[in-house]
Amino acid sequence: WQEWQAALAAQSALYDLASLDAQIAQAGEIAERLRKNAALLTKAAEAHEKTVLDSAAAEASANEAQSVLLGLRQERERSRIALNRAIGYPAGTNLRPQGDLALPARVTPPSESKLLEGLEERRLDLLALKRGYESEDGKLRAAIIAQFPNISVGFSRATDTGNVKTAGPGVTIDIPLFDRNQGSIAIEEATRQRLHDEYTNRVFEARSDIAAAVADLRSLNEQIAHAEHAVPALQRVVEVSRKATEAGDADVLGYYAAQNDLTLRLIETLKLRQQLAQARVALETAAAWHLAP
């Protein structure tokens, strides 16, 4: 169970790295365009072609884009360290995945009923608690039996030095007799009840986690499909803006704005796909079920 969790933790961190690398690349393009945009507006303001307010707004946007980029880099560093920790590497190690790690665009899980079927036998932590509960149940029965003294009845014979012979029954009673072993019973009952409560709560949480993960996957599938549907239209706007700028019918600021809108939508899609990968890992963890790529 611990190995399974460690493997999924590494997988989760690796998906985060892949998503953040792509987001950083897109955010870097936005930051560079907004920097150029701010420089153009500053020159235009100096030539009295744009207002100082326009220039200040462009400068603020460029600074905000740079802050977002720095935040993504910081998040990427945390994910890199999390990956190293998950697989037991020093924090300073720079691991690189072999080949391209594609973020999932859609995950179709099995039905919830199929995932719940046999869950208690499939998840090793639940199975361990169940076996522990059964073991403690046996100890409890033994403790209850021990409250009734074990009585041995036999027949004894004896002869003294005067050759006087005596015979009679002999009764042996195990101790404890008066507390009826109540202390041992209380300890075993408490242990069994604790295991039973932990097992019941963990099964309930596992079923709830599975339901939540399945719901998240379905919702994210729809959001990603909607976000990707909008990309071609934005790409056409960028192309039209580019041609208009080259023909002198529009300024470069409009072209930068169109590019930024497209890039922001791509970043949004990347974040949704990152969330989809995390929801997939969450479902695999909760259900102890490996989902095919």
Side-chain angles (χ1 to χ4, degrees), residues 1-28 68-110 114-116 118-132 198-199 201-203 205-217 219-221 223-224 266-293:
W1 178 243
Q2 291 175 344
E3 291 172 355
W4 174 251
Q5 289 182 309
L8 290 178
Q11 181 181 353
S12 175
L14 196 57
Y15 276 129
D16 282 345
L17 279 178
S19 174
L20 288 167
D21 283 341
Q23 291 180 52
I24 287 171
Q26 298 286 358
V68 170
L69 178 60
L70 293 175
L72 287 172
R73 287 174 177 169
Q74 180 184 9
E75 189 176 351
R76 199 256 182 211
E77 182 66 10
R78 287 198 298 264
S79 295
R80 184 189 64 80
I81 295 174
L83 173 60
N84 291 338
R85 181 171 61 246
I87 60 178
Y89 273 65
T93 305
N94 287 309
L95 297 172
R96 295 188 180 277
Q98 295 181 353
D100 294 330
L101 180 64
L103 290 167
R106 182 174 184 84
V107 176
T108 304
K114 188 173 182 179
L115 290 169
L116 294 176
L119 175 65
E120 293 83 353
E121 299 296 326
R122 196 169 59 246
R123 265 189 52 165
L124 298 183
D125 60 330
L126 299 180
L127 185 60
L129 285 171
K130 183 179 180 181
R131 293 292 182 264
E198 177 66 19
Y199 174 75
N201 290 337
R202 198 170 295 193
V203 170
E205 290 175 358
R207 291 175 175 269
S208 299
D209 290 343
I210 289 173
V214 170
D216 286 344
L217 287 174
S219 176
L220 287 166
N221 284 337
Q223 294 181 57
I224 291 172
L266 293 175
I267 291 177
E268 177 189 349
T269 303
L270 286 170
K271 288 181 177 179
L272 288 173
R273 293 176 69 173
Q274 180 184 9
Q275 293 174 28
L276 183 67
Q278 296 294 349
R280 172 181 169 175
V281 171
L283 180 59
E284 289 181 325
T285 304
W289 188 296
H290 177 64
L291 298 177

Donor-acceptor list for residues 83-90 side chains, cut-off 3.5 Å, not counting sequence neighbours:
| unit_1 | atom_1 | unit_2 | atom_2 | d |
| --- | --- | --- | --- | --- |
| Asn84 | ND2 | Pro90 | O | 3.3 |
| Asn84 | ND2 | Ala91 | O | 3.1 |
| Asn84 | ND2 | Thr93 | O | 2.8 |

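- Not counting sequence neighbours, Glu75 has no partner by the salt bridge (Lys or Arg N to Asp or Glu O under 4.0 Å) test.
- Pro110 places a side-chain heavy atom less than 4.5 Å from the side chain of Leu291.
- Annotation: side chain of Asp209 is not in contact with side chain of Leu283 (no heavy-atom distance under 4.5 Å).
- Taking CG of Leu119 as the start and CZ of Arg207 as the end, the distance is 6.0 Å to the nearest 0.5 Å.
- Remark: Leu129 CG to Arg202 CZ distance equals 5.0 Å, nearest 0.5 Å.
- Closest non-hydrogen pair, Glu284 versus Trp289, comes out as CG-O, 3.1 Å.
- Residues Leu276 and Arg106 share a closest heavy-atom pair of CD2-N, 3.6 Å.
- Pairing each heavy atom of Pro104 with each of Tyr15, the nearest pair is CD-CE2, 4.0 Å.
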Between Glu120 and Leu127, does the side chain to side chain contact (heavy atoms under 4.5 Å, CB included) criterion hold? Intermediate values first, please. CA-CA 6 Å; Glu120 293 83 353; Leu127 185 60; over 6 Å; no
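- The two residues Leu69 and Gly28 come nearest to each other via the heavy atoms CD1-N, 3.8 Å.
- Counting only distance, with no hydrogens or angles, the side chain of Arg123 and the backbone of Ala287 share no donor-acceptor pair below 3.5 Å.
- No side-chain donor-acceptor contact under 3.5 Å links Asp125 to the backbone of Trp1.
- A pairwise comparison of heavy atoms in Gln23 and Leu270 identifies N-CD1, 3.8 Å as the closest pair.
- Side-chain atoms of Lys271 and Ser19, non-hydrogen and from C-beta on, never get closer than 4.5 Å to each other.
- Note that CD of Gln26 and CD1 of Ile267 are 6.0 Å apart. Values are rounded to the nearest 0.5 Å.
- Between the side chains of Asp216 and Gln275, no donor-acceptor pair is found at a separation under 3.5 Å.
- Closest non-hydrogen pair, Gly92 versus Arg80, comes out as C-NH1, 3.7 Å.
- Taken to the nearest 0.5 Å, the CG atom of Leu217 stands 11.5 Å off from the CD atom of Gln278.
- Taking CG of Leu272 as the reference point, atom CD of Gln274 lies at 10.0 Å (rounded to 0.5 Å).
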Take Arg273 and Glu268 through the test salt bridge (charged side-chain N to carboxylate O under 4.0 Å, His left out) and record every step on the way to the result. CA-CA 9 Å; Arg273 293 176 69 173; Glu268 177 189 349; over 6 Å; no
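- Between the CG atom of Leu14 and the CG atom of Leu8 there is a distance of 12.5 Å, given to the nearest 0.5 Å.
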Could you please spell out the steps behind the salt bridge (charged side-chain N to carboxylate O under 4.0 Å, His left out) verdict for Glu77 and Arg73? CA-CA 6 Å; Glu77 182 66 10; Arg73 287 174 177 169; over 6 Å; no
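- With hydrogens and angles left out, the side-chain atoms of Gln5 and Thr285 include no donor and acceptor closer than 3.5 Å.
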